[in-house]
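A short worksheet on the structure shown next.
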Amino acid sequence: MIQLAAFYALFAVLAWFISFLISKRRHLMLAKHFHGPPALPLLGNALQFARISHNELIATVSELEKKYNSPCRFWLGTHLVIGVADADSMEAVLRSSENMDKSQHHTFFSDFIGGVFLAEGERWKRLRKMVMSPMFQASSMEGHVQIFNEQSRLMCQLLLKYKIGKGSFDIRPLMSSCVLDIICQTAMGTPMGVQLRDDVSYPKDISEIAEITMERSSKVWLHPNIVFNNTLLGNRKNELAASILNFVKSVIKTRRDIKTNEKQGISEAEVKSPYKKFVRPYLDSMLDYAEEEKLTEDRLALEVNDLMVAGSDTSAVASSHALVMLGMDEELQERVYAELREIFGDSDRPATLEDLAMMTQLEMVVKETVRITCPPHMARTVERDIILPGKEGAKERIIPTGATVYMLLYNLHRNPKYWSHPHEFHPDHFLPEYEATRPKFSYLPFSYGLRICPGYKYGVYSIKTVLSTVLRKFKVKSNLDKNNLNFRLSIMLELADGYPVTLEPRVPSE
């Protein structure tokens, strides 16, 4: 009886394996056209990633891509992953209008964000339309810039009051509060006064929950919810998600209260708006959407948090990183400051859109900052075959339907073929004569195509406003060593040792 049972078990395993080979036959055949590390049956290359932390993941994949050249292949268990890190392959992937859905790994973010970032199909189209109109239209930017100025100047007042003469300090917490106030006031129509409060943990919570999410993503055995939710990491993530969504709900409630207090058809937010023509906040569109779709308050908070994370965490990291880099390079900082002096002279007036457009030196600093710090990778599920162009006489290769395409921006942005100083902070990469020689798809910090970050211009304007406001008022120094910087993986690449700076007030005649 035992022998019969063993026979049936063995037969079942063999039948499954044969069925698997048949179903994966096309993947197996097409994968042969890509170089990659040796793979074990069923396990693939999973064991190569099993012993490393999420902070080591990028370095490990980066070295594999350098060894096997883009495009290359990996097997995660029985799942085919094609890694790309060259401009030609990036173009083939990102120009496709049929392969826009994020990979399965992005679902690990769904307990604290759930809007346009993760949406697919018709729902994604509808949400994207709400984000794009009118929030990020050019006609709205003048009003946005006024708010950028107000919050940046408030941050400088707080820096002058509490940080001058106190030695080195981490600029990131104050920067995070500033940009969170900016996104709440512009996109949500809700002044939250975060900079003047000490009870808001949202920025720290986002940074920690993103790091936990990355750790889970890099560990195959943590992928099943039933396993992850019963670990210490899973419990901590649930606590952080609850804290994050409670803050978002407070923003939603505050906006609802403002709308309830409407008088004579003009809301309090409209009366106090800096916009020449009242710009309807993104949150108002989301409130209408929630009512139509009968969303719960938890679901609405998830949908809204997409934009709050994108508008606050990324800008805070980029602004903090730029200040640290300028603080380690006095010559570069003075070059930027000289340009600001040409624009503003001794005036203390706030920046205008026209002023921001003239800040070419600062813009190069911002572009170089996001080259270094942008999300180091992104992945998409292949819904329809992607044909990659052949190189140096080689035949075209196909990434088959059902595979995952893994775009390693980290290597793309550090490829010596495109960048003269790939591992250095070198804003001259963005001098016009050098930009003109690079392929269009060699620089993708905001992605490309229909899935491009809808607020990238808004983000650049906000970062330039914050940085120019700080640099006009303070000399910045940092005690970090630019040749020995350590990074950690969160949503962006962040400095592992924080963002220590020392500020010295400038005098008008400088």
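Basis for what follows: all heavy atoms, side chains included, without hydrogens, waters or symmetry-related copies. For this chain, numbers begin at 1 and follow the sequence in order.
Within the 3.5 Å criterion, the main-chain N or O of G459 finds a donor-acceptor partner in the side chain of S462. Side chain of H79 to backbone of A403: no donor-acceptor contact under 3.5 angstrom is found. Under the 3.5 Å distance criterion, the side-chain polar atoms of H413 are matched with a main-chain donor or acceptor of L444. Looking only at distances, a side-chain donor or acceptor of R371 sits under 3.5 Å from a matching main-chain atom of P422. A donor-acceptor pair under 3.5 Å links the side-chain atoms of D385 to the main chain of T401, judged by distance alone. The closest donor-acceptor contact from the side chain of R414 to the backbone of I372 lies under 3.5 Å. Remark: side-chain polar atoms of S319 are not paired, donor with acceptor, to backbone N or O of A316 under 3.5 angstrom. The closest donor-acceptor contact from the side chain of N229 to the backbone of N225 lies under 3.5 Å. Distance alone, capped at 3.5 Å, places no donor-acceptor pair between the D313 side chain and the V309 backbone. Between the side chain of R216 and the backbone N or O of L233, no donor-acceptor pair lies under 3.5 Å.
Side-chain contact between L489 and P376 is present, with heavy atoms from C-beta onward closer than 4.5 Å. At a threshold of 4.5 Å between non-hydrogen side-chain atoms, the residues M407 and V93 count as touching. At a threshold of 4.5 Å between non-hydrogen side-chain atoms, the residues R73 and V81 do not count as touching. In this structure, K367 and E363 have side chains that are in contact, with non-hydrogen atoms separated by less than 4.5 Å. Considering only heavy atoms from C-beta on, M328 comes within 4.5 Å of L480 through its side chain. Looking at heavy atoms from C-beta onward, M308 lies in side-chain contact with L180 at the 4.5 angstrom threshold.
Taking a cutoff of 4.0 Å between a charged side-chain nitrogen and a carboxylate oxygen, R172 and E494 qualify as a salt bridge. For D205 and K237, the salt-bridge test fails: no basic side-chain N is under 4.0 Å from an acidic carboxylate O. A salt bridge links E208 to R236: at least one charged side-chain nitrogen sits closer than 4.0 Å to a carboxylate oxygen. Look at R488 and D497 and you find no salt bridge, because none of the NZ, NE, NH1 or NH2 atoms lies under 4.0 Å from a carboxylate O. Between E91 and K440, no side-chain nitrogen of the basic residue sits less than 4.0 Å from a carboxylate oxygen of the acidic one, so the salt-bridge criterion is not met.
By the 30° and 60° cut-offs, the orientation of the rings of F112 relative to F109 is tilted. Between H377 and Y406, the ring planes are perpendicular. Angles over 60° get that label, and only those under 30° would be called parallel. Ring planes of Y202 and F247: tilted class, angle from 30 to 60°. Between F425 and H321, the ring-plane angle classifies as tilted under the 30° and 60° cut-offs.
Heavy atoms from other residues, nucleotides or ligands lying under 6.0 Å from CD of E291 number 12 at most. In K457, the NZ atom is not crowded: 12 or fewer heavy atoms of neighbouring residues, nucleotides or ligands sit closer than 6.0 Å. Within 6.0 Å of NZ on K67 lie no more than 12 heavy atoms contributed by other residues, nucleotides or ligands.
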Assess whether side chain to side chain contact (heavy atoms under 4.5 Å, CB included) is satisfied between N45 and L40, documenting all intermediate values.
-> CA-CA 7 Å; N45 304 112; L40 296 172; over 6 Å; no
Would you please test E297 and K249 for salt bridge (Lys or Arg N to Asp or Glu O under 4.0 Å) and show each step?
-> CA-CA 7 Å; E297 201 72 355; K249 289 176 191 176; over 6 Å; no
Are I252 and M188 close enough, and set up right, to give a side chain to side chain contact (heavy atoms under 4.5 Å, CB included), and what steps lead you there?
-> CA-CA 8 Å; I252 294 170; M188 308 301 157; over 6 Å; no
Yes or no on salt bridge (Lys or Arg N to Asp or Glu O under 4.0 Å) for E293 and R299, after CA distance, side-chain angles and deciding distance?
-> CA-CA 10 Å; E293 299 295 324; R299 185 66 232 175; over 6 Å; no
Pair K464-V460, side chain to side chain contact (heavy atoms under 4.5 Å, CB included): steps then yes or no | CA-CA 6 Å; K464 288 173 75 173; V460 171; 3.7 Å; yes
Go through M214 and S490 one step at a time and tell me if the side chain to side chain contact (heavy atoms under 4.5 Å, CB included) criterion holds.
-> CA-CA 7 Å; M214 296 299 179; S490 185; 6.0 Å; no
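Taking the six-membered ring wherever Trp is involved, the centroid distance between the rings of F34 and Y68 does not fall below 6.0 Å. Between H144 and Y461, the distance separating the two ring centers is not shorter than 6.0 angstrom. Between H223 and F228, a ring centre-to-centre spacing not shorter than 6.0 Å is recorded. For Y434 and W419, the ring centers are positioned 6.0 Å apart or more. Ring pair Y443/Y448: centre-to-centre distance not below 6.0 Å.
Atom CD1 of I58 sits about 7.0 Å away from atom CG of L493, to the nearest 0.5 Å.
Here the closest non-hydrogen pair linking E56 and I52 is OE1-CA, 3.2 Å.
Every residue two or more places apart in sequence or in another chain that forms a ring-ring contact (aromatic ring centres under 6.0 Å, His included) with Y456 is listed here: F446.
Side-chain atoms of Y458 and T186 include a donor-acceptor pair closer than 3.5 Å.
Under the side-chain hydrogen bond (donor to acceptor under 3.5 Å, both in side chains) test applied with S70, the options D86, D88, N411 reduce to a single match, D86.
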